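Notes follow once the structure below has been shown.
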There are 2 protein chains.
Amino acid sequence: MGTFMDVHHIEGGVAAADVAAAHEKDLAAQGEFGVNYLRYWVDEEAGKIFCLVEAPDADAAAAVHRKAHGLVADEIYPISAEG
Amino acid sequence: MGTFMDVHHIEGGVAAADVAAAHEKDLAAQGEFGVNYLRYWVDEEAGKIFCLVEAPDADAAAAVHRKAHGLVADEIYPISAEG
């Protein structure tokens, strides 16, 4: 298992309620992939979403987003250090 | 006070120890700015650093980085929702 930060960019911005709903779908879908979406942070006006996730690998994290709501991240980074 | 996520991109990658040292300098410098650097996540190979910070505004968060070590973020996003 590793920790990953993914970044979504949504042109035109994004509503908090839509992100919250998508996150609930992630939580419902993640079990079969061995993934745990931990936290997210949103800049609604800029359309930026950051998701912190524990996953076996980046593909598994993306697979949850794809199955849950189809909004796959634009970037995903394996976290090698944190503090 | 608001919450912000900043993103640094360092060409050629970055070492965890260097980020940890810079973060310690942030913590030492932030008091006079009313800023609180909360967490950071690093992808050493990609040279990506994400910093979660509470600050009166984005300029104050940047001022701490500038005074502490000079490595100002490439992007900073005001967080309007999180979960």
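Residue numbers start from 1 in every chain, and the chains themselves are labelled A, B, ... in the order their sequence lines are given, proteins ahead of strands. Predicted model only: the values in this text are computed from it and were never measured. These numbers come from the heavy atoms of this one structure, side chains and all, not from hydrogens, waters or symmetry mates.
- The cluster map of Ile, Leu, Val, Met, Phe, Trp and Tyr, joined by side-chain heavy atoms under 4.5 Å apart, puts B:Val7 and B:Val72 in different clusters.
- Linking Ile, Leu, Val, Met, Phe, Trp and Tyr residues whenever their side-chain heavy atoms come within less than 4.5 Å places B:Trp41 and B:Leu38 in a single cluster.
- Ranked by heavy-atom pairs shorter than 4.5 Å toward chain B, the options A:His23, A:Glu75, A:Glu45, A:Lys48 are led by A:Lys48.
- Looking at A:Val19, there are no atoms closer than 4.5 Å to chain B (heavy atoms on both sides), in backbone or side chain.
- In terms of heavy-atom proximity, A:Val14 sits nearest to A:Asp43 at CG1-O, 4.4 Å.
- Across B:Tyr37, B:Phe50, B:Tyr40, the residue that shares the most heavy-atom pairs under 4.5 angstrom with chain A is B:Tyr40.
- Looking at A:Leu52, only its side chain comes within 4.5 Å of chain B, counting heavy atoms on both sides.
- Contacts between B:Ala20 and chain A at a heavy-atom distance below 4.5 Å are absent for every atom of the residue.
- Cluster membership check: B:Leu71 does not share its hydrophobic cluster with B:Met5, using side-chain heavy-atom separations under 4.5 Å among Ile, Leu, Val, Met, Phe, Trp and Tyr.
- For the pair B:Asp74 and B:His9, the minimum side-chain heavy-atom distance is below 4.5 Å.
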